[in-house]
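Worth knowing before you read on, the calculation uses all heavy atoms, side chains too, and leaves out hydrogens, waters and symmetry mates.
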Amino acid sequence: MKIYIIAGEASGDLLGSHLIKALRVMNPSLEIFGVGGALMESHGLKSLFPIQDISVMGLVEVIPHILTIKKRIRQTLDHIIATKPDVIVTIDAPGFCLRVVRLVKKQCKIPVVQYVAPSVWAWKPGRAKKLSQQVDHLLTLFPFEPPYFTRYGLPTTFVGHPVVEQTPQPDPTFRQRHGILPDVPLLCILPGSRQSEIQRLFPIFMETITLLSQQFPTIRGVVPVLPHLLSGVKAQAQSCSVPLTITDTPAEKQAAFMASTAALAANGTVALELARASLSMVVGYRLSPITHFIVKRLVTVDMACPVNLVLNQRIVPERIQHDCTPQNLAQDLVPILKNPQAMKPFLQQAIDFLRGDDVDMPSQLAARIILSYR
């Protein structure tokens, strides 16, 4: 059996890595092709091109990358036609994936499983009907999503979120290895997985920890980043007056989560990873002014953090666009640094909601559904 998997960003790479692992356990003879990042490649995928080429978010932000993205769409289409997979799995990144799927459907009949539902409950609900005409099965991460799609006849299964499959383990050597004393507050800073996010958010986050150092003089920061962002983050970090430890491996990222007192993160899937590690957090985000001007007129929900959406209440402080300032972020972080335990029961509750009802782990259930298309 041949499976073609396309992931378009870091969060999709994480989902894809869990999925490939589950697929290979169930069918070791599988041939897997597609596009992914370092995590998927660590499980044997040879990515057609670097995932960074299509990891672009925003309406205006995509403009400088249009020619590259068009080239990658055509390249992916040609590769799918050449490999003749039994099923295509698209993970998130609908702007790229569904354009590829439309072109594939014009040339051949290959079933498509979309892993991660578009956020039609937040904006552009018409996408649900459109998706029902493009894919054969939808796998959702959140329990409230299936009704939005089944009403249009799209087979939809809530499989749960693979973040629950992670079992974070404390690394008692992390602080010692990085020269961080056991009793000092440690802020885990996660400015994003895209270059545009780093440029917009990292200076704000550095100024935030600088403000926090006025109340917490011994505070330190740890910044887990993807390898391709390492040099740029290190260069920016030189301007920060608070000592920052910068890491670029998955193991060090998890160790940083477990060793930290609290986190300051770009809003996104990483909030669920932090919840799985029981690390209390504040999230922030900024889009380009033009993108934000357009999006805010389309969004129908008043929360952005995935943890808050799952719980349907604002537990994690979130600062978006003009509210995402060092002063606001620092103000939100002060009580969390003083009492990091208060948020943790709610974080555990969110993770419990994401486990799903099936006896299988989320990736195992997803894999079983995908393999049924052989």
Side-chain angles (χ1 to χ4, degrees), residues 9-15 18 39 55 57 91-92 116-119 121-122 140-145 160-168 186-194 197-198 200-202 204-205 208 221-226 250 253-254 256-287 299 301-321 323-324 328-329 332-333 335-337 340-355 362:
E9 52 193 69
S11 59
D13 186 36
L14 176 64
L15 295 176
H18 285 288
L39 294 176
S55 182
M57 181 178 179
I91 304 179
D92 212 344
V116 184
S119 304
W121 37 266
T140 77
L141 308 185
F142 300 124
F144 55 82
E145 293 179 309
H161 201 297
V163 73
V164 306
E165 300 174 26
Q166 302 174 15
T167 307
L186 180 61
L187 183 66
C188 188
I189 299 174
L190 299 137
S193 60
R194 303 177 181 90
E197 292 171 332
I198 300 292
R200 284 200 182 91
L201 295 175
F202 194 37
I204 295 172
F205 288 2
T208 300
V222 56
V223 189
V225 296
L226 295 174
K253 177 182 177 180
Q254 291 301 316
F257 285 2
M258 301 304 290
S260 295
T261 312
L264 172 58
N267 185 53
T269 302
V270 72
L272 298 176
E273 295 181 59
L274 293 168
R276 185 67 182 93
S278 294
L279 184 58
S280 300
M281 73 194 87
V282 171
V283 301
Y285 206 82
R286 280 194 179 185
L287 293 164
V299 170
V301 295
D302 61 356
M303 293 183 291
C305 178
V307 175
N308 294 339
L309 291 167
V310 170
L311 295 174
N312 197 28
Q313 56 181 318
R314 196 179 293 270
I315 298 299
V316 174
E318 49 184 72
R319 297 288 187 170
I320 308 300
Q321 208 62 15
D323 284 338
C324 185
N328 286 340
L329 295 170
D332 291 337
L333 280 162
I336 294 174
L337 287 166
Q341 301 300 320
M343 191 184 293
K344 292 187 178 183
F346 297 99
L347 300 180
Q348 184 58 54
Q349 186 181 359
I351 293 301
D352 290 341
F353 282 149
L354 296 175
R355 291 188 185 279

> Does the side chain of Leu201 come within less than 4.5 Å of Cys324's, by heavy atoms?
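Answer yes - side chains close enough.
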> Search all heavy atoms of Phe144 against all heavy atoms of Leu309 and return the closest pair with its distance.
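So the two residues come closest at CE2-O, 4.0 Å.
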> Can you name the nearest heavy-atom pair linking Pro191 to Val223, along with the distance?
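Between these two residues, the closest heavy atoms are CD-CG1, 4.0 Å.
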> To the nearest 0.5 Å, what is the distance between CD (Gln254) and CE (Met258)?
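Going from CD on Gln254 over to CE on Met258, the span is 8.5 Å.
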> Mind checking the CG-CG spacing from Asp332 to Leu264? Nearest 0.5 Å is all I need.
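Here the rounded value is 9.5 Å.
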> Examine distances only and state if a side-chain atom of Asp13 and a backbone atom of Leu39 form a donor-acceptor pair shorter than 3.5 Å.
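Yes, because the side chain of Asp13 sits within donor-acceptor range (under 3.5 Å) of the backbone of Leu39.
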> If I take atom CE from residue Met343 and atom CD1 from residue Ile336, how far apart are they, to the nearest 0.5 angstrom?
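These two atoms lie 3.5 Å from each other.
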> Do Glu145 side-chain atoms and Thr140 backbone N/O form a donor-acceptor pair below 3.5 Å?
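Between the backbone of Thr140 and the side chain of Glu145 there is no qualifying donor-acceptor contact (under 3.5 Å).
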> Find the distance between CG (Leu347) and CG (Asp352) and round it off to the nearest 0.5 Å.
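Nearest 0.5 Å value for the CG-CG distance: 11.0 Å.
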> Using modelled atom types and a 3.5 Å cut-off, is there a donor and acceptor pairing between side-chain atoms of Asp92 and backbone atoms of Val116?
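Judged by distance alone, no pair lies under 3.5 Å.
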> Do the side chains of Arg319 and Ile204 get nearer than 4.5 Å, heavy atoms only?
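No, their side chains stay 4.5 Å or more apart.
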> Which atom pair, heavy atoms only, marks the closest approach of Ala275 to Met281?
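The answer is N-CE, 3.8 Å.
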> Which pair of heavy atoms, one from Ala266 and one from Phe205, lies closest together, and at what distance?
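That would be N-CE2, 3.8 Å.
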> Is any side-chain heavy atom of Glu9 less than 4.5 Å from a side-chain heavy atom of Ile91?
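When only atoms from C-beta onward are counted, Ile91 and Glu9 do not touch, as no gap falls below 4.5 Å.
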> Search all heavy atoms of Ala342 against all heavy atoms of Pro345 and return the closest pair with its distance.
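Residues Ala342 and Pro345, closest heavy atoms: O-CD, 3.5 Å.
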> Are the side chains of Val316 and Leu274 in touch, meaning some heavy atoms are under 4.5 Å apart?
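When only atoms from C-beta onward are counted, Leu274 and Val316 do not touch, as no gap falls below 4.5 Å.
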> Could you check if a side-chain atom of Ile189 sits within less than 4.5 angstrom of a side-chain atom of Val222, using non-hydrogen atoms only?
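No, their side chains stay 4.5 Å or more apart.
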> Tell me, which pairs form a side chain to side chain donor-acceptor pair (under 3.5 Å) where one or both residues lie in residues 257-283, sequence neighbours left out?
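Listed by first then second residue: Lys253-Glu273.
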> Roughly how far, to the nearest 0.5 Å, is OG1 of Thr208 from CZ of Phe202?
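Answer rounded to 0.5 Å: 11.0 Å.
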> Roughly how far apart are Arg200 CZ and Gln321 CD, rounded to 0.5 Å?
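Here the rounded value is 8.0 Å.
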> Can Tyr285 and Glu197 be counted as having a side-chain donor-acceptor contact under 3.5 angstrom?
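Side chains of Tyr285 and Glu197: pair found under 3.5 Å.
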> Under a 4.5 Å cut-off applied to non-hydrogen side-chain atoms, are Leu141 and Pro162 in contact?
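Leu141 reaches Pro162 side chain to side chain.
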> Could you pull out the closest heavy-atom pair between Ala304 and Ile320, with the gap in Å?
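Ala304 and Ile320 have their closest heavy atoms at CB-CD1, 4.2 Å.
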